[in-house]
Amino acid sequence: MLGNILKKIIGSSNDREIRKMRKTVNKINALEENLKTLSDADLKAQTPILRERLAAGETVDQILPDAFALVRETASRVMAMRHFDVQMIGGITLHQGKIAEMRTGEGKTLVATLAAYLNALPANGVHVITVNDYLAKRDAQWMAPLYQALGLSVGVIQSFQGPDIANSFRLDPEDEGELKPSSRQVAYAADITYGTNNEFGFDYLRDNMALRLEDKSQRGLAFAIVDEVDSILIDEARTPLIISGAAQNSSALYKSINTLALKLKPQLESEEDLENEDGEPQIVSGDFIVDEKTRGVELTEDGHQKVEEILIKEGLLQENDSLYQPSNLGMLHHVHSALRAQNLFSKDVEYIIQEGQAVLIDEHTGRTMPGRRLSEGLHQAIEAKEGLNIQQESQTLASTTFQNYFRLYYKLAGMTGTADTEAFEFQQIYGLVVMVIPTNVEVKRVDLNDLIYLSQREKFEAVIVDIKEIVAEGAPVLVGTASVETSELLSGMLKAAKVDHAVLNAKQHEREANIIVNAGRP
(Lines give C-alpha, C1' and ligand atoms only; values in the text may rest on other atoms or scores of the structure.)
Protein backbone atom coordinates (compact mmCIF):
# COMPACT_ATOMS: atom_id res chain seq x y z
CA MET A 1 0.00 0.00 0.00
CA LEU A 2 2.80 2.39 1.04
CA GLY A 3 4.71 1.44 -2.11
CA ASN A 4 1.73 2.42 -4.29
CA ILE A 5 1.36 5.78 -2.50
CA LEU A 6 5.10 6.51 -2.95
CA LYS A 7 4.92 5.52 -6.63
CA LYS A 8 2.07 8.01 -7.15
CA ILE A 9 4.06 10.78 -5.43
CA ILE A 10 7.58 10.21 -6.84
CA GLY A 11 6.72 8.03 -9.89
CA SER A 12 8.12 4.69 -11.03
CA SER A 13 11.86 4.22 -11.74
CA ASN A 14 11.01 4.69 -15.44
CA ASP A 15 9.30 8.05 -14.69
CA ARG A 16 12.27 9.22 -12.60
CA GLU A 17 14.73 8.36 -15.37
CA ILE A 18 12.58 10.19 -17.94
CA ARG A 19 12.54 13.28 -15.66
CA LYS A 20 16.36 13.21 -15.47
CA MET A 21 16.58 12.95 -19.26
CA ARG A 22 14.21 15.90 -19.70
CA LYS A 23 16.84 18.08 -17.97
CA THR A 24 19.35 17.04 -20.67
CA VAL A 25 16.71 17.72 -23.36
CA ASN A 26 16.31 21.26 -21.94
CA LYS A 27 20.09 21.79 -22.39
CA ILE A 28 19.80 20.54 -26.01
CA ASN A 29 16.84 22.87 -26.69
CA ALA A 30 18.82 25.85 -25.31
CA LEU A 31 21.45 25.34 -28.06
CA GLU A 32 18.91 25.38 -30.91
CA GLU A 33 18.73 29.15 -31.56
CA ASN A 34 22.53 29.47 -31.84
CA LEU A 35 22.77 26.63 -34.35
CA LYS A 36 20.05 28.15 -36.54
CA THR A 37 22.39 31.08 -37.27
CA LEU A 38 25.17 28.80 -38.64
CA SER A 39 25.60 28.07 -42.36
CA ASP A 40 25.46 24.48 -43.69
CA ALA A 41 29.27 24.48 -43.98
CA ASP A 42 29.61 25.68 -40.38
CA LEU A 43 27.29 22.89 -39.21
CA LYS A 44 29.46 20.30 -41.02
CA ALA A 45 32.56 21.83 -39.42
CA GLN A 46 31.16 21.05 -35.95
CA THR A 47 31.99 17.32 -36.36
CA PRO A 48 35.81 17.79 -36.39
CA ILE A 49 35.43 20.29 -33.50
CA LEU A 50 33.55 17.68 -31.42
CA ARG A 51 36.20 15.07 -32.29
CA GLU A 52 38.93 17.47 -31.11
CA ARG A 53 37.08 17.91 -27.81
CA LEU A 54 37.04 14.13 -27.37
CA ALA A 55 40.75 13.95 -28.17
CA ALA A 56 41.37 16.70 -25.56
CA GLY A 57 39.83 14.50 -22.84
CA GLU A 58 36.10 15.25 -22.81
CA THR A 59 33.75 12.26 -22.71
CA VAL A 60 30.91 11.46 -25.13
CA ASP A 61 28.47 12.17 -22.28
CA GLN A 62 29.86 15.71 -21.93
CA ILE A 63 29.46 16.51 -25.63
CA LEU A 64 26.01 14.82 -25.90
CA PRO A 65 23.91 18.05 -25.78
CA ASP A 66 25.99 19.67 -28.53
CA ALA A 67 25.97 16.54 -30.72
CA PHE A 68 22.22 15.95 -30.36
CA ALA A 69 21.39 19.62 -31.02
CA LEU A 70 23.61 19.47 -34.12
CA VAL A 71 21.84 16.34 -35.45
CA ARG A 72 18.41 17.90 -34.83
CA GLU A 73 19.29 21.15 -36.67
CA THR A 74 20.87 19.25 -39.60
CA ALA A 75 17.86 16.92 -39.90
CA SER A 76 15.55 19.97 -39.96
CA ARG A 77 17.48 21.47 -42.87
CA VAL A 78 18.40 18.40 -44.90
CA MET A 79 15.31 16.23 -44.39
CA ALA A 80 12.67 18.67 -43.11
CA MET A 81 12.33 16.40 -40.04
CA ARG A 82 12.88 17.94 -36.60
CA HIS A 83 13.36 15.52 -33.69
CA PHE A 84 10.64 15.82 -31.04
CA ASP A 85 11.67 16.07 -27.38
CA VAL A 86 10.53 12.48 -26.77
CA GLN A 87 12.75 11.36 -29.67
CA MET A 88 15.65 13.09 -27.91
CA ILE A 89 14.81 11.01 -24.81
CA GLY A 90 14.85 7.91 -27.05
CA GLY A 91 18.29 8.93 -28.38
CA ILE A 92 19.68 9.43 -24.85
CA THR A 93 18.30 5.98 -23.88
CA LEU A 94 20.10 4.35 -26.84
CA HIS A 95 23.34 6.19 -26.05
CA GLN A 96 23.19 4.92 -22.46
CA GLY A 97 23.12 1.32 -23.73
CA LYS A 98 19.46 0.70 -22.89
CA ILE A 99 16.39 -0.41 -24.81
CA ALA A 100 13.94 2.27 -25.94
CA GLU A 101 10.36 0.99 -26.16
CA MET A 102 8.65 3.39 -28.56
CA ARG A 103 5.19 2.92 -30.03
CA THR A 104 4.82 2.20 -33.75
CA GLY A 105 5.03 5.42 -35.78
CA GLU A 106 7.09 7.34 -33.20
CA GLY A 107 10.07 7.54 -35.59
CA LYS A 108 12.62 5.00 -34.30
CA THR A 109 14.65 5.26 -37.55
CA LEU A 110 15.20 8.99 -36.92
CA VAL A 111 15.88 8.42 -33.19
CA ALA A 112 18.74 6.03 -34.05
CA THR A 113 20.59 8.84 -35.89
CA LEU A 114 21.16 10.71 -32.60
CA ALA A 115 22.98 7.88 -30.78
CA ALA A 116 24.63 6.65 -34.00
CA TYR A 117 26.16 10.09 -34.73
CA LEU A 118 27.38 10.67 -31.15
CA ASN A 119 28.96 7.21 -30.89
CA ALA A 120 30.49 7.47 -34.38
CA LEU A 121 32.58 10.49 -33.26
CA PRO A 122 35.30 8.35 -31.55
CA ALA A 123 35.68 6.67 -35.01
CA ASN A 124 35.37 3.07 -33.76
CA GLY A 125 32.38 2.29 -36.00
CA VAL A 126 28.67 2.03 -35.19
CA HIS A 127 26.48 -0.88 -36.36
CA VAL A 128 22.74 -0.30 -36.91
CA ILE A 129 21.11 -3.72 -37.09
CA THR A 130 17.72 -4.42 -38.71
CA VAL A 131 15.71 -7.58 -39.37
CA ASN A 132 15.94 -7.71 -43.19
CA ASP A 133 17.99 -6.49 -46.15
CA TYR A 134 15.24 -4.19 -47.42
CA LEU A 135 15.06 -2.21 -44.16
CA ALA A 136 18.86 -2.05 -43.83
CA LYS A 137 19.27 -0.52 -47.30
CA ARG A 138 16.16 1.69 -47.04
CA ASP A 139 17.13 3.16 -43.66
CA ALA A 140 20.74 3.76 -44.70
CA GLN A 141 19.72 5.49 -47.97
CA TRP A 142 17.03 7.49 -46.17
CA MET A 143 19.31 8.77 -43.38
CA ALA A 144 22.46 9.09 -45.53
CA PRO A 145 21.88 12.81 -46.46
CA LEU A 146 21.80 13.64 -42.72
CA TYR A 147 25.05 11.78 -41.99
CA GLN A 148 26.74 13.21 -45.11
CA ALA A 149 25.77 16.76 -44.12
CA LEU A 150 27.56 16.08 -40.80
CA GLY A 151 30.66 14.75 -42.58
CA LEU A 152 30.16 11.06 -41.85
CA SER A 153 30.27 8.04 -44.18
CA VAL A 154 27.57 5.33 -44.32
CA GLY A 155 27.98 1.64 -45.17
CA VAL A 156 25.44 -1.11 -45.90
CA ILE A 157 25.92 -4.88 -45.64
CA GLN A 158 23.50 -7.08 -47.64
CA SER A 159 23.21 -10.88 -47.88
CA PHE A 160 24.93 -12.67 -50.77
CA GLN A 161 22.54 -12.89 -53.75
CA GLY A 162 24.88 -14.15 -56.46
CA PRO A 163 28.35 -13.29 -57.81
CA ASP A 164 27.01 -10.60 -60.18
CA ILE A 165 24.95 -8.73 -57.56
CA ALA A 166 26.58 -6.17 -55.23
CA ASN A 167 26.16 -7.15 -51.58
CA SER A 168 27.82 -4.22 -49.80
CA PHE A 169 27.65 -0.45 -50.35
CA ARG A 170 29.05 2.84 -49.08
CA LEU A 171 28.41 6.58 -49.32
CA ASP A 172 31.08 9.13 -48.35
CA PRO A 173 30.23 12.74 -47.36
CA GLU A 174 31.16 14.09 -50.82
CA ASP A 175 29.23 11.39 -52.78
CA GLU A 176 25.90 12.14 -54.41
CA GLY A 177 22.91 9.93 -55.28
CA GLU A 178 22.42 6.25 -54.50
CA LEU A 179 24.65 4.04 -52.36
CA LYS A 180 27.78 2.96 -54.26
CA PRO A 181 28.81 -0.74 -54.43
CA SER A 182 31.95 -1.42 -52.39
CA SER A 183 33.91 -4.25 -50.79
CA ARG A 184 32.82 -5.67 -47.42
CA GLN A 185 35.84 -4.12 -45.66
CA VAL A 186 35.12 -0.65 -47.08
CA ALA A 187 31.47 -0.85 -45.98
CA TYR A 188 32.56 -1.84 -42.45
CA ALA A 189 35.18 0.95 -42.40
CA ALA A 190 32.37 3.55 -42.71
CA ASP A 191 31.48 5.62 -39.63
CA ILE A 192 28.01 4.02 -39.46
CA THR A 193 27.18 0.64 -41.02
CA TYR A 194 23.66 -0.73 -41.53
CA GLY A 195 22.92 -4.44 -42.01
CA THR A 196 20.96 -7.45 -40.78
CA ASN A 197 21.66 -9.53 -37.67
CA ASN A 198 22.39 -12.56 -39.89
CA GLU A 199 25.05 -10.81 -41.96
CA PHE A 200 26.86 -9.22 -39.01
CA GLY A 201 26.91 -12.64 -37.30
CA PHE A 202 28.13 -14.52 -40.38
CA ASP A 203 30.82 -11.90 -41.10
CA TYR A 204 32.05 -12.34 -37.53
CA LEU A 205 32.35 -16.12 -38.14
CA ARG A 206 34.10 -15.60 -41.50
CA ASP A 207 36.57 -13.21 -39.87
CA ASN A 208 37.39 -15.84 -37.24
CA MET A 209 38.13 -18.33 -40.04
CA ALA A 210 40.29 -15.88 -42.03
CA LEU A 211 43.98 -16.84 -42.21
CA ARG A 212 45.28 -13.31 -42.95
CA LEU A 213 44.47 -10.00 -41.25
CA GLU A 214 43.69 -8.36 -44.62
CA ASP A 215 40.97 -10.97 -45.28
CA LYS A 216 38.93 -9.82 -42.27
CA SER A 217 35.90 -7.53 -42.85
CA GLN A 218 34.87 -6.19 -39.44
CA ARG A 219 36.99 -3.86 -37.31
CA GLY A 220 35.90 -4.51 -33.75
CA LEU A 221 32.48 -4.46 -32.08
CA ALA A 222 32.18 -1.06 -30.38
CA PHE A 223 28.49 -0.07 -30.41
CA ALA A 224 25.36 -1.63 -31.90
CA ILE A 225 21.80 -0.31 -32.12
CA VAL A 226 19.43 -3.24 -32.68
CA ASP A 227 16.05 -2.48 -34.29
CA GLU A 228 13.17 -4.86 -33.38
CA VAL A 229 15.40 -5.85 -30.47
CA ASP A 230 12.86 -8.28 -28.95
CA SER A 231 12.71 -10.28 -32.19
CA ILE A 232 16.50 -10.49 -32.58
CA LEU A 233 17.72 -10.79 -28.98
CA ILE A 234 14.86 -12.85 -27.49
CA ASP A 235 12.90 -14.72 -30.21
CA GLU A 236 15.99 -15.60 -32.28
CA ALA A 237 18.51 -15.56 -29.41
CA ARG A 238 19.37 -19.27 -29.61
CA THR A 239 19.21 -19.50 -33.43
CA PRO A 240 22.54 -21.04 -34.47
CA LEU A 241 24.59 -19.32 -37.17
CA ILE A 242 26.60 -22.07 -38.87
CA ILE A 243 29.22 -22.01 -41.61
CA SER A 244 29.64 -25.47 -43.06
CA GLY A 245 31.84 -27.27 -45.55
CA ALA A 246 31.35 -30.38 -47.71
CA ALA A 247 31.62 -33.84 -46.14
CA GLN A 248 31.30 -37.35 -47.56
CA ASN A 249 28.45 -38.19 -49.96
CA SER A 250 26.09 -40.84 -48.49
CA SER A 251 22.81 -40.29 -50.38
CA ALA A 252 22.12 -44.06 -50.77
CA LEU A 253 22.35 -44.50 -47.00
CA TYR A 254 19.84 -41.65 -46.41
CA LYS A 255 17.33 -43.35 -48.74
CA SER A 256 17.77 -46.72 -46.98
CA ILE A 257 17.39 -45.18 -43.49
CA ASN A 258 14.32 -43.20 -44.64
CA THR A 259 12.66 -46.47 -45.74
CA LEU A 260 13.57 -47.99 -42.37
CA ALA A 261 12.07 -44.99 -40.47
CA LEU A 262 8.74 -45.52 -42.24
CA LYS A 263 8.56 -49.04 -40.74
CA LEU A 264 8.76 -47.70 -37.16
CA LYS A 265 5.73 -46.67 -35.09
CA PRO A 266 5.68 -43.75 -32.61
CA GLN A 267 4.77 -44.54 -29.01
CA LEU A 268 1.55 -42.93 -27.82
CA GLU A 269 1.86 -40.41 -24.99
CA SER A 270 -0.05 -42.75 -22.67
CA GLU A 271 -0.02 -46.48 -23.41
CA GLU A 272 -3.52 -47.91 -23.35
CA ASP A 273 -4.48 -51.46 -22.43
CA LEU A 274 -6.26 -52.92 -25.45
CA GLU A 275 -8.02 -56.27 -25.63
CA ASN A 276 -6.93 -58.82 -28.24
CA GLU A 277 -9.28 -61.22 -30.07
CA ASP A 278 -9.40 -63.51 -27.02
CA GLY A 279 -10.46 -60.62 -24.79
CA GLU A 280 -7.10 -60.59 -22.97
CA PRO A 281 -5.41 -57.22 -22.31
CA GLN A 282 -2.35 -56.36 -24.40
CA ILE A 283 -0.03 -53.35 -24.11
CA VAL A 284 0.75 -51.45 -27.33
CA SER A 285 4.32 -50.14 -27.28
CA GLY A 286 5.86 -47.92 -29.97
CA ASP A 287 9.34 -48.00 -31.48
CA PHE A 288 10.28 -44.41 -30.64
CA ILE A 289 9.19 -41.44 -28.49
CA VAL A 290 8.73 -37.96 -30.01
CA ASP A 291 9.54 -35.00 -27.74
CA GLU A 292 7.84 -31.94 -29.29
CA LYS A 293 9.34 -29.56 -26.71
CA THR A 294 13.02 -30.36 -27.36
CA ARG A 295 12.29 -31.33 -31.00
CA GLY A 296 14.01 -34.67 -30.49
CA VAL A 297 13.29 -38.39 -30.85
CA GLU A 298 14.41 -41.38 -28.80
CA LEU A 299 14.24 -45.08 -29.64
CA THR A 300 12.46 -47.38 -27.18
CA GLU A 301 13.98 -50.77 -26.32
CA ASP A 302 11.62 -52.47 -28.80
CA GLY A 303 12.48 -49.87 -31.46
CA HIS A 304 16.20 -50.30 -30.86
CA GLN A 305 15.94 -54.06 -31.35
CA LYS A 306 13.74 -53.66 -34.45
CA VAL A 307 16.19 -51.16 -36.05
CA GLU A 308 19.13 -53.50 -35.42
CA GLU A 309 17.25 -56.45 -36.99
CA ILE A 310 16.37 -54.43 -40.13
CA LEU A 311 19.93 -53.05 -40.48
CA ILE A 312 21.46 -56.54 -40.12
CA LYS A 313 18.96 -57.92 -42.67
CA GLU A 314 19.92 -55.18 -45.15
CA GLY A 315 23.65 -55.70 -44.57
CA LEU A 316 24.17 -52.25 -43.03
CA LEU A 317 25.12 -53.75 -39.66
CA GLN A 318 27.23 -56.81 -38.81
CA GLU A 319 25.60 -59.82 -37.11
CA ASN A 320 25.70 -59.50 -33.28
CA ASP A 321 26.71 -55.80 -33.60
CA SER A 322 24.99 -53.18 -31.41
CA LEU A 323 23.83 -49.76 -32.59
CA TYR A 324 25.52 -48.25 -29.54
CA GLN A 325 29.00 -49.51 -30.38
CA PRO A 326 31.34 -46.54 -31.04
CA SER A 327 31.80 -47.63 -34.68
CA ASN A 328 28.01 -47.61 -35.27
CA LEU A 329 27.07 -44.30 -33.59
CA GLY A 330 27.02 -42.61 -37.02
CA MET A 331 24.33 -45.09 -38.12
CA LEU A 332 22.29 -44.33 -34.97
CA HIS A 333 22.58 -40.61 -35.77
CA HIS A 334 21.20 -41.28 -39.28
CA VAL A 335 18.21 -43.13 -37.78
CA HIS A 336 17.49 -40.23 -35.39
CA SER A 337 17.74 -37.68 -38.26
CA ALA A 338 15.30 -39.72 -40.40
CA LEU A 339 12.80 -40.00 -37.51
CA ARG A 340 13.05 -36.25 -36.79
CA ALA A 341 12.51 -35.45 -40.49
CA GLN A 342 9.44 -37.73 -40.60
CA ASN A 343 7.83 -36.63 -37.32
CA LEU A 344 8.97 -33.09 -36.48
CA PHE A 345 9.34 -31.35 -39.87
CA SER A 346 6.21 -30.75 -41.94
CA LYS A 347 5.99 -29.56 -45.53
CA ASP A 348 4.53 -26.03 -45.85
CA VAL A 349 5.27 -25.35 -42.16
CA GLU A 350 9.05 -25.69 -41.63
CA TYR A 351 9.92 -25.95 -45.34
CA ILE A 352 8.45 -25.85 -48.85
CA ILE A 353 9.40 -27.72 -52.03
CA GLN A 354 10.67 -25.23 -54.61
CA GLU A 355 12.39 -26.15 -57.89
CA GLY A 356 13.15 -29.67 -56.64
CA GLN A 357 14.67 -28.47 -53.35
CA ALA A 358 13.53 -28.37 -49.73
CA VAL A 359 13.70 -24.64 -48.93
CA LEU A 360 13.50 -23.69 -45.25
CA ILE A 361 10.97 -21.13 -43.97
CA ASP A 362 12.06 -18.60 -41.33
CA GLU A 363 9.71 -19.21 -38.39
CA HIS A 364 9.97 -15.56 -37.33
CA THR A 365 9.34 -13.81 -40.67
CA GLY A 366 7.59 -16.50 -42.77
CA ARG A 367 10.08 -15.85 -45.59
CA THR A 368 11.93 -18.56 -47.49
CA MET A 369 15.66 -18.93 -46.79
CA PRO A 370 17.18 -20.15 -50.09
CA GLY A 371 20.65 -21.59 -49.63
CA ARG A 372 20.18 -22.07 -45.86
CA ARG A 373 20.37 -25.74 -44.82
CA LEU A 374 19.87 -27.70 -41.60
CA SER A 375 23.06 -29.21 -40.25
CA GLU A 376 24.12 -32.70 -39.11
CA GLY A 377 22.39 -34.52 -41.97
CA LEU A 378 18.88 -33.35 -41.07
CA HIS A 379 18.36 -31.51 -44.37
CA GLN A 380 19.44 -34.62 -46.30
CA ALA A 381 16.94 -36.67 -44.26
CA ILE A 382 14.16 -34.24 -45.28
CA GLU A 383 15.26 -34.56 -48.96
CA ALA A 384 15.10 -38.37 -48.65
CA LYS A 385 11.64 -38.12 -47.05
CA GLU A 386 10.34 -35.97 -49.93
CA GLY A 387 12.03 -38.10 -52.64
CA LEU A 388 14.25 -35.20 -53.77
CA ASN A 389 17.80 -35.26 -55.07
CA ILE A 390 19.98 -35.57 -51.93
CA GLN A 391 22.68 -32.91 -51.80
CA GLN A 392 26.12 -33.56 -50.38
CA GLU A 393 26.36 -33.66 -46.60
CA SER A 394 28.09 -30.81 -44.80
CA GLN A 395 30.13 -30.47 -41.63
CA THR A 396 30.20 -27.50 -39.25
CA LEU A 397 33.31 -25.32 -39.59
CA ALA A 398 32.21 -22.40 -37.37
CA SER A 399 29.11 -21.58 -35.36
CA THR A 400 27.70 -19.11 -32.82
CA THR A 401 24.29 -17.82 -31.70
CA PHE A 402 22.87 -14.29 -31.77
CA GLN A 403 22.90 -14.32 -27.97
CA ASN A 404 26.64 -15.02 -27.86
CA TYR A 405 27.46 -12.67 -30.73
CA PHE A 406 25.65 -9.57 -29.45
CA ARG A 407 27.10 -9.94 -25.97
CA LEU A 408 30.55 -9.33 -27.54
CA TYR A 409 29.74 -5.65 -28.27
CA TYR A 410 31.37 -3.13 -25.91
CA LYS A 411 28.04 -1.26 -25.82
CA LEU A 412 24.65 -2.55 -26.97
CA ALA A 413 21.32 -0.70 -27.32
CA GLY A 414 17.97 -1.55 -28.86
CA MET A 415 14.60 -0.19 -29.88
CA THR A 416 11.20 -1.76 -30.51
CA GLY A 417 7.50 -1.21 -29.99
CA THR A 418 7.23 -4.14 -27.54
CA ALA A 419 10.05 -4.69 -25.03
CA ASP A 420 8.58 -4.04 -21.58
CA THR A 421 6.96 -7.51 -21.44
CA GLU A 422 10.45 -9.07 -21.82
CA ALA A 423 12.25 -6.57 -19.54
CA PHE A 424 13.31 -9.30 -17.08
CA GLU A 425 14.93 -11.45 -19.83
CA PHE A 426 16.77 -8.44 -21.30
CA GLN A 427 18.14 -7.53 -17.86
CA GLN A 428 19.08 -11.12 -16.95
CA ILE A 429 20.68 -12.20 -20.25
CA TYR A 430 22.18 -8.99 -21.66
CA GLY A 431 22.19 -6.57 -18.70
CA LEU A 432 19.92 -4.25 -20.75
CA VAL A 433 17.42 -1.95 -19.03
CA VAL A 434 14.11 -1.25 -20.82
CA MET A 435 12.89 2.37 -20.89
CA VAL A 436 9.29 3.06 -21.93
CA ILE A 437 9.42 6.34 -23.90
CA PRO A 438 6.25 8.47 -23.82
CA THR A 439 4.53 9.20 -27.14
CA ASN A 440 4.74 12.68 -28.71
CA VAL A 441 0.94 13.03 -28.72
CA GLU A 442 -1.67 10.89 -27.01
CA VAL A 443 -2.33 7.56 -28.75
CA LYS A 444 -5.88 7.12 -30.04
CA ARG A 445 -5.50 3.48 -31.09
CA VAL A 446 -7.29 1.00 -28.83
CA ASP A 447 -5.40 -2.26 -28.09
CA LEU A 448 -8.09 -4.86 -27.39
CA ASN A 449 -7.69 -8.04 -25.36
CA ASP A 450 -7.24 -11.48 -26.96
CA LEU A 451 -10.29 -13.57 -27.82
CA ILE A 452 -10.06 -17.29 -27.04
CA TYR A 453 -11.98 -19.98 -29.00
CA LEU A 454 -12.44 -23.68 -28.28
CA SER A 455 -11.45 -24.86 -31.77
CA GLN A 456 -9.53 -23.60 -34.79
CA ARG A 457 -12.66 -23.86 -36.93
CA GLU A 458 -14.67 -21.58 -34.61
CA LYS A 459 -11.80 -19.10 -34.45
CA PHE A 460 -11.48 -18.84 -38.25
CA GLU A 461 -15.23 -18.55 -38.72
CA ALA A 462 -15.21 -15.61 -36.28
CA VAL A 463 -12.21 -14.11 -38.16
CA ILE A 464 -14.14 -14.31 -41.46
CA VAL A 465 -17.19 -12.59 -39.93
CA ASP A 466 -14.88 -9.79 -38.70
CA ILE A 467 -13.16 -9.49 -42.10
CA LYS A 468 -16.51 -9.25 -43.93
CA GLU A 469 -17.68 -6.46 -41.60
CA ILE A 470 -14.46 -4.45 -42.03
CA VAL A 471 -14.35 -4.96 -45.83
CA ALA A 472 -18.00 -3.81 -46.05
CA GLU A 473 -16.85 -0.50 -44.51
CA GLY A 474 -14.20 -0.15 -47.26
CA ALA A 475 -11.22 -0.60 -44.93
CA PRO A 476 -8.19 -2.83 -45.69
CA VAL A 477 -7.44 -5.88 -43.50
CA LEU A 478 -4.12 -7.56 -42.74
CA VAL A 479 -4.40 -11.13 -41.42
CA GLY A 480 -1.27 -12.73 -39.95
CA THR A 481 -0.87 -16.52 -39.57
CA ALA A 482 1.90 -18.65 -38.06
CA SER A 483 2.56 -20.92 -41.07
CA VAL A 484 2.14 -21.30 -44.85
CA GLU A 485 -0.29 -24.15 -44.21
CA THR A 486 -2.57 -22.00 -42.01
CA SER A 487 -2.48 -19.08 -44.47
CA GLU A 488 -3.66 -21.42 -47.26
CA LEU A 489 -6.37 -22.96 -45.05
CA LEU A 490 -7.71 -19.49 -44.21
CA SER A 491 -7.44 -18.45 -47.87
CA GLY A 492 -9.63 -21.44 -48.84
CA MET A 493 -12.24 -20.38 -46.27
CA LEU A 494 -12.15 -16.77 -47.57
CA LYS A 495 -12.65 -18.04 -51.13
CA ALA A 496 -15.64 -20.10 -49.99
CA ALA A 497 -17.01 -16.97 -48.28
CA LYS A 498 -16.43 -15.04 -51.59
CA VAL A 499 -14.06 -12.51 -49.97
CA ASP A 500 -11.56 -11.07 -52.46
CA HIS A 501 -8.01 -11.27 -51.04
CA ALA A 502 -4.31 -11.84 -51.79
CA VAL A 503 -2.06 -14.35 -50.00
CA LEU A 504 1.52 -13.44 -49.16
CA ASN A 505 3.50 -16.39 -47.83
CA ALA A 506 6.82 -18.09 -48.56
CA LYS A 507 5.40 -19.59 -51.79
CA GLN A 508 4.59 -16.10 -53.15
CA HIS A 509 8.06 -14.73 -52.31
CA GLU A 510 8.63 -13.51 -55.90
CA ARG A 511 5.23 -11.73 -56.04
CA GLU A 512 5.78 -10.00 -52.69
CA ALA A 513 6.52 -6.51 -54.05
CA ASN A 514 3.43 -6.55 -56.31
CA ILE A 515 1.16 -7.78 -53.48
CA ILE A 516 2.47 -5.09 -51.10
CA VAL A 517 2.12 -2.31 -53.70
CA ASN A 518 -1.58 -3.17 -54.02
CA ALA A 519 -2.14 -3.74 -50.29
CA GLY A 520 -4.67 -1.40 -48.71
CA ARG A 521 -6.76 -0.93 -51.84
CA PRO A 522 -10.46 -1.78 -51.41
Side-chain angles (χ1 to χ4, degrees), residues 35 38-51 67-68 70-83 87 91 107-121 123-200 203 217-219 223-225 227 510 512-514 516-517:
L35 290 173
L38 298 181
S39 68
D40 292 353
D42 288 339
L43 279 182
K44 195 172 190 173
Q46 295 302 307
T47 296
I49 292 168
L50 291 174
R51 280 183 162 155
F68 276 32
L70 183 61
V71 175
R72 174 191 262 173
E73 179 56 31
T74 310
S76 280
R77 293 189 197 185
V78 175
M79 304 171 71
M81 295 167 84
R82 181 186 175 277
H83 296 76
Q87 288 177 315
K108 291 190 286 289
T109 309
L110 191 63
V111 167
T113 60
L114 295 161
Y117 172 74
L118 175 62
N119 287 274
L121 292 173
N124 295 321
V126 171
H127 295 168
V128 183
I129 292 148
T130 64
V131 288
N132 62 50
D133 280 340
Y134 166 73
L135 286 176
K137 199 169 179 184
R138 184 206 71 175
D139 291 358
Q141 187 75 55
W142 188 12
M143 297 297 137
L146 168 58
Y147 295 130
Q148 287 177 298
L150 290 163
L152 298 188
S153 54
V154 186
V156 181
I157 303 297
Q158 299 271 275
S159 57
F160 183 76
Q161 292 165 6
D164 303 323
I165 301 168
N167 55 33
S168 44
F169 305 83
R170 176 166 164 151
L171 260 184
D172 285 312
E174 61 280 359
D175 291 337
E176 289 181 8
E178 297 284 309
L179 290 153
K180 312 274 188 298
S182 72
S183 70
R184 215 84 165 159
Q185 281 126 320
V186 170
Y188 272 115
D191 293 301
I192 297 160
T193 307
Y194 284 76
T196 65
N197 49 330
N198 284 322
E199 289 313 301
F200 281 111
D203 284 339
S217 301
Q218 294 181 343
R219 52 174 184 125
F223 178 49
I225 299 171
D227 193 10
E510 302 303 317
E512 180 176 357
N514 185 48
I516 288 171
V517 163

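- Under the side-chain contact (heavy atoms from CB on, under 4.5 Å) criterion, Arg138 pairs with Thr109, Tyr134, Leu135, Trp142, sequence neighbours left out.
- Of all heavy-atom pairs spanning His83 and Ala75, the tightest one is CE1-CB, 3.7 Å.
- In plain terms, the two heavy atoms of Leu179 and Lys137 that are nearest each other are CD1-CG, 4.0 Å.
- For residues 165-198, every residue pair satisfying the ring pair (Phe, Tyr, Trp, His ring centres under 6.0 Å) rule, not counting sequence neighbours, is listed here: His127-Tyr188, Tyr188-Phe200.
- Of the possible donor and acceptor atoms, one in the side chain of Ser168 sits under 3.5 Å from a partner among the backbone N and O of Ser182.
- Residues passing the side-chain contact (heavy atoms from CB on, under 4.5 Å) test with Val111 are Gln87, Leu94, Met102, sequence neighbours excluded.
- Between the CG atom of Asp42 and the NZ atom of Lys44 there is a distance of 12.5 Å, given to the nearest 0.5 Å.
- Looking at every heavy atom in both residues, Val126 comes nearest to Ala120 through CG2-N, 3.6 Å.
- Side-chain atoms of Thr193 come within 3.5 Å of backbone N or O of Ala187 as a donor-acceptor pair.
- Residues Gln185 and Arg219 have side chains not in contact (no heavy-atom distance under 4.5 Å, counting atoms from C-beta outward).
- To the nearest 0.5 Å, atom CG of residue Asp40 and atom CD of residue Glu73 are 9.0 Å apart.
- You'll find the side chain of Asn119 stays beyond 4.5 Å of the side chain of Ile225, heavy atoms only.
- Listed by first then second residue, pairs satisfying side-chain hydrogen bond (donor to acceptor under 3.5 Å, both in side chains) with a partner in residues 169-181 read Arg170-Asp172, not counting sequence neighbours.
- Separating the CG atom in Asn198 from the CG atom in Asp133 is a distance of 8.5 Å, to the nearest 0.5 Å.
- Here the shortest heavy-atom pairing between Thr47 and Leu150 reads OG1-O, 2.6 Å.
- Nearest heavy atoms, Ala140 versus Val156: CB-CG2, 3.3 Å.
- Applying the side-chain contact (heavy atoms from CB on, under 4.5 Å) rule to Asp227 yields the partners Lys108, Thr130, Met415; only residues at least two apart in sequence or on another chain are considered.
- Gln46 has its side chain within reach of Leu38: a pair of non-hydrogen atoms, C-beta onward, lies under 4.5 Å apart.
- Taking each heavy atom of Gly91 and Leu114 in turn, the nearest pair found is CA-CD1, 4.0 Å.
- Looking only at side-chain heavy atoms (C-beta outward), Met81 and Leu146 stay at 4.5 Å or farther from each other.
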Could you walk me through whether Leu70 and Tyr117 pass the side-chain contact (heavy atoms from CB on, under 4.5 Å) test, one step at a time?
CA-CA 10 Å; Leu70 183 61; Tyr117 172 74; 3.3 Å; yes
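- Within the structure, the salt bridge (Lys or Arg N to Asp or Glu O under 4.0 Å) test picks out the following pairs touching residues 181-192 (sequence neighbours left out): Arg51-Asp191, Arg184-Glu199, Arg184-Asp203.
- Considering CZ of Arg72 and CG of Leu110, their distance stands at 10.5 Å, rounded to 0.5 Å.
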Determine whether Met143 and Ile192 satisfy the following criterion, side-chain contact (heavy atoms from CB on, under 4.5 Å), listing intermediate values before the conclusion.
CA-CA 11 Å; Met143 297 297 137; Ile192 297 160; over 6 Å; no
